[in-house]
Amino acid sequence: EAGVTQFPSHSVIEKGQTVTLRCDPISGHDNLYWYRRVMGKEIKFLLHFVKESKQDESGMPNNRFLAERTGGTYSTLKVQPAELEDSGVYFCASSPSRGRRETQYFGPGTRLLVL
Amino acid sequence: SQKIEQNSEALNIQEGKTATLTCNYTNYSPAYLQWYRQDPGRGPVFLLLIRENEKEKRKERLKVTFDTTLKQSLFHITASQPADSATYLCALELTGGGNKLTFGTGTQLKVEL
């Protein structure tokens with residue numbers, strides 16, 4: 001079974017540009033989460049999808065961040081326009097919905113550097 | 001304020017010894033506490049979960065304890081091996097917080113020959 005995949009693995013952009021990160025969850029997983037780790041800080045929750053619906057987006061830092069999950073499969077996280085403080089590692093995680101709580105499986109992350 | 005604290009300094013131990021990592025939290029009410037392992041360039045990998053009403057959980061060489069009065073979890077790796085070298089993260093799943101995880105900053109463990 002393939003794990004959670006993320007693309008790209010690295011991205012270097014200039015301040016003011018737009019970047020789109022993609023996450024492909026494990027097939028059949030209804031739950032999809034985005035997290036990020038900025039330099040020297042802990043991993044922080046951004047948002048949670050259940051299928052194509054946003055269940056919780058309380059961690060989204062501001063309206064420059066837009067997450068979508070059309071069709072309930074893969075998800076994208078767009079940052080527009082990017083700022084220096086957006087640099088960090090963005091992780092995606094997924095878990096199934098089986099009527100009980102399930103472990104989250106994390107992808108390798110996308111390392112974003114905004115110059 | 002709410003915070004989760006893990007050993008800020010790296011932990012170096014000798015192969016074969018037991019590694020003990022600490023996770024302390026304040027002003028949280030976790031329903032579950034989880035431990036993850038993270039290797040450089042990779043995402044966190046789930047190791048163990050313990051519920052608020054459980055005191056201890058074991059899995060092979062791993063043991064987790066959870067004291068909700070002290071607001072502390074201890075993570076033990078017995079008979080440690082160099083392959084256990086990694087960063088270990090503690091994460092809380094809060095009561096009424098859905099499934100989102102709140103992470104500590106992690107402790108880097110190095111097991112030396």
Side-chain angles (χ1 to χ4, degrees), chain A residues 2-10 21 23-26 29-51 53-60 67 88-111, chain B residues 1-10 21-28 30-54 57 59 62 64 86-108:
Chain A
V4 177
T5 57
Q6 292 187 244
F7 183 83
S9 59
H10 295 78
L21 314 180
C23 168
D24 286 78
I26 293 172
H29 281 194
D30 289 338
N31 294 293
L32 188 148
Y33 308 83
W34 284 98
Y35 295 85
R36 78 172 177 177
R37 182 178 213 157
V38 295
M39 184 68 75
K41 300 284 189 179
E42 66 276 16
I43 296 172
K44 285 197 171 179
F45 168 82
L46 296 178
L47 88 160
H48 171 204
F49 284 100
V50 177
K51 297 185 180 178
S53 299
K54 291 176 185 173
Q55 182 79 10
D56 181 353
E57 49 185 331
S58 61
M60 294 287 264
V89 184
Y90 289 76
F91 293 104
C92 173
S94 72
S95 68
S97 284
R98 294 177 183 155
R100 57 185 172 89
R101 60 166 314 290
E102 294 281 348
T103 300
Q104 294 182 27
Y105 296 85
F106 282 77
T110 293
R111 279 140 191 84
Chain B
S1 63
Q2 296 176 314
K3 55 184 176 179
I4 303 171
E5 291 182 318
Q6 297 187 243
N7 313 59
S8 56
E9 300 292 324
L21 284 65
T22 304
C23 175
N24 294 294
Y25 60 92
T26 54
N27 295 324
Y28 282 116
Y32 306 92
L33 189 145
Q34 304 184 31
W35 284 89
Y36 284 78
R37 168 185 173 138
Q38 187 173 22
D39 292 282
R42 306 217 171 193
V45 174
F46 172 78
L47 295 174
L48 278 172
L49 173 151
I50 189 163
R51 292 175 171 77
E52 60 177 336
N53 59 354
E54 295 178 319
K57 188 72 84 64
K59 179 183 176 183
L62 309 180
V64 173
T87 295
Y88 291 85
L89 304 166
C90 131
L92 306 183
E93 195 173 334
L94 305 178
T95 304
N99 299 119
K100 66 185 177 189
L101 298 173
T102 303
F103 282 91
T105 51
T107 298
Q108 189 174 357

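For clarity, every value in this text was computed on a predicted model and none was experimentally measured. Excluded from the calculations below are hydrogen atoms, water molecules and symmetry mates; all remaining heavy atoms, backbone and side chain alike, are included. Every chain is numbered from 1, with letters handed out A, B, ... down the list of sequences.
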Legend entry - B/Q6 portion near chain A, given a 4.5 angstrom heavy-atom threshold: neither
Inset, instruction - Go through the atoms of B/I4 and report whether side chain, backbone, both or neither lie under 4.5 Å from a heavy atom of chain A. - result: neither
Inset, instruction - Could you tell me which non-hydrogen atom of B/Q38 sits nearest to which non-hydrogen atom of A/F91, and how far apart they are? - result: NE2-CZ, 3.3 Å
Tell me whether [X] contacts the main-chain N or O of [Y] through its side chain, where contact means a donor paired with an acceptor under 3.5 Å.
X: A/R37; Y: B/T105; answer: yes
X: A/Q104; Y: B/N99; answer: yes
X: A/Y35; Y: B/L101; answer: yes

Inset, instruction - Check whether A/S58 gets within reach of chain B through its side chain, its backbone, both or neither, counting any heavy atom under 4.5 Å. - result: side chain
Legend entry - Heavy-atom contact with chain B under 4.5 Å, split by part of A/Y105: neither
Inset, instruction - Evaluate whether atom CZ of A/R111 has more than 12 neighbouring non-hydrogen atoms of other residues, nucleotides or ligands under 6.0 angstrom away. - result: yes
Inset, instruction - Look at atom NZ of A/K44 and say whether more than 12 heavy atoms of other residues, nucleotides or ligands are closer to it than 6.0 Å. - result: no
Legend entry - Option in A/V89, A/I43, A/D56, A/N31 with maximal non-hydrogen atom pairs under 4.5 Å from chain B: A/I43
Inset, instruction - Working to the nearest 0.5 Å, report the span between CD of A/E42 and NZ of B/K3. - result: 11.5 Å
